[in-house]
Amino acid sequence: MSLIVQKYGGTSVKGIDRIRNVAQRVAADYDAGNDMVVVLSAMSGETDRLINLAKEITENPDPREMDQLVSTGEQVTVSLLAIMLESMGKRAVSLLGSQVKVLTDSNYMGARVVDVDPLRIRALLKEKNIVIVAGFQGCDMRGNVTTLGRGGSDTSAVALAAALESDLCEIYTDVDGVYTADPGVVPRARKLPVITYEEMMEMAGLGAKVLHLRSVEFAMKYNIPLCVRSSFSNEPGTMVVGEGRDMENLLVSGVTVAKNDARITITKVPDRPGIASRVFSAVGDAGISVDMIIQNTRAGGLTDITFTVPKGDFKRALEIEKKVAEELGAENVAGDAEIAKVSVIGVGMKSNPGVAAKMFAVLARENINIMMISTSEIRISCVIEKKYAELAMRVLHSAFGLDAEEI
Ligand code: ADP
Ligand code: ASP
Ligand code: MG
């Protein structure tokens, strides 16, 4: 007998028929003698619907009230699943984040889990209940409802698995595993039987929304194996684990694209000490995080600085930098939101040089201009024009030998 934490995503709980399907899966594992903790998302589309209702009132709704609002989506699905299981003759209890107690910081709409209290769940399991927990939500020290950021119910599941010392956390979704690229964009993508935490973290941070980034960070920190699988089939799925186990030894194991950044360029800034600090502390002080940066030196003691910021902060960052540019006597500030970041990821890169050169050559062959580059030990990212994003993904996927034999 083991304790299994399972998480079902939005498409897996959309409508009563699918909730019945989830209940049957959970009941089968329960009947096999396992203690079951089930984490659910809201029905797919529901969180967007709730956000849009608030946006009909104002562009800038209060973040505390937004969390109070969007957390209701998960309250609906957990109670429906409990009712479904009860109707099948099983003992089931649903709990909200605040009832578990999933304690978070007070950073509304992107809160971090600080602590998860396992006591109430353990007591309910002992009485042979199936425990169903609302994902995506927690509460802060003052009892305010918080949410963990879009896609955050993966993180709820892993945090619960860590707190309950579960041996496995299963993430059920609408694809049957982690693929070498988003199968919706690259039809020849293939399923990876295993992927390392490190690679999955890069992929999740660079556009592969199949897992929430923080869920992978958590899983790695507490060494919890994750299994990503489909709630619509019995395929084995993908194991996300520490390095060294049954790896395929691929040079590159994934290609991603992210379209959530915008680019800002300040041209002809006087090139003297303290300039970069001024440019970046201005946005930093406004709580805007900068990702990629390049600086090009020009003749005549001038320089150009280019960097990326999240699209949501783009307008604000542009305004801030216009003021800074004026103070510094720079020539111009320009912005571009039509960019995409394509990345190739793989632990195989650590020991194999030449991946970057190959990536640049493949993009050049398609006449795709590279605007910015950044790297880590296991990743290379290029910023390109957004209109080429899907093409770039497909040609890179193919060039690095990831295409499936047939589709
Ligand atoms: P859920 O609602 O179950 O949490 P998500 O929509 O958040 O599901 O995540 C699953 C989706 O992630 C898939 O439908 C797929 O389009 C997308 N995705 C992006 N990159 C990948 C990848 N590398 N492998 C698998 N799925 C991916
Ligand atoms: N319902 C939330 C969202 O749509 C959380 C999740 O699905 O993981 O972002
Ligand atoms: Mg998700």
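Nothing fancy with the numbering, it's 1 onward along the sequence. Note: hydrogens, waters and symmetry copies are ignored here, and every other heavy atom, side chains too, is used. One-based numbering, in listed order, for ligands and for the atoms of each.
- Ranking the protein heavy atoms by distance from atom 1 (P) of ligand 1 puts T173 OG1, 3.5 Å first.
- Near Y179, the atoms of ligand 1 lying under 4.0 angstrom from a non-hydrogen atom of the residue are 22 (C), 23 (N), 24 (N), 25 (C).
- Those atoms of ligand 1 with a heavy atom of D174 less than 4.0 angstrom away are 10 (C), 11 (C), 13 (C), 14 (O).
- Scanning the protein heavy atoms around atom 25 (C) of ligand 1, the nearest turns out to be G177 O, 3.4 Å.
- A donor atom on one side chain and an acceptor atom on the other are not found under 3.5 Å apart for Y388 and N369.
- In terms of protein heavy-atom proximity, atom 7 (O) of ligand 1 is closest to K209 O, 3.5 Å.
- Of the heavy atoms in K7, only side-chain atoms (C-beta onward) come closer than 4.0 Å to ligand 1.
- Looking at ligand 2, you won't find any N or O of D154 less than 3.5 Å from one of its N or O atoms.
- Scanning the protein heavy atoms around atom 9 (O) of ligand 2, the nearest turns out to be R150 NE, 2.7 Å.
- Listed by number with element, the atoms of ligand 1 under 4.0 angstrom from any heavy atom of M203 are 23 (N).
- Ranking protein heavy atoms by distance to atom 6 (C) of ligand 2, first place goes to S153 OG, 3.1 Å.
- Taking a cut-off of under 4.0 Å to the non-hydrogen atoms of S41, the atoms of ligand 2 that pass are 6 (C), 7 (O), 8 (O).
- Under 4.0 angstrom from ligand 1, the non-hydrogen atoms of V175 all belong to its side chain.
- Against a heavy-atom cut-off of under 4.0 Å, V178 is close to the following atoms of ligand 1: 24 (N).
- For G152, the heavy-atom gap to ligand 2 drops under 4.0 angstrom.
- Between the side chains of S233 and D176, no donor-acceptor pair is found at a separation under 3.5 Å.
- Summary of contacts: the protein heavy atom closest to atom 27 (C) of ligand 1 is V210 CB, 3.7 Å.
- The protein atom (non-hydrogen) at minimum distance from atom 21 (C) of ligand 1 is D182 CA, 3.6 Å.
- Residue G151 places at least one N or O, backbone or side chain, under 3.5 Å from an N or O of ligand 2.
- Heavy atoms of S153 found under 4.0 angstrom from ligand 1: none, in either backbone or side chain.
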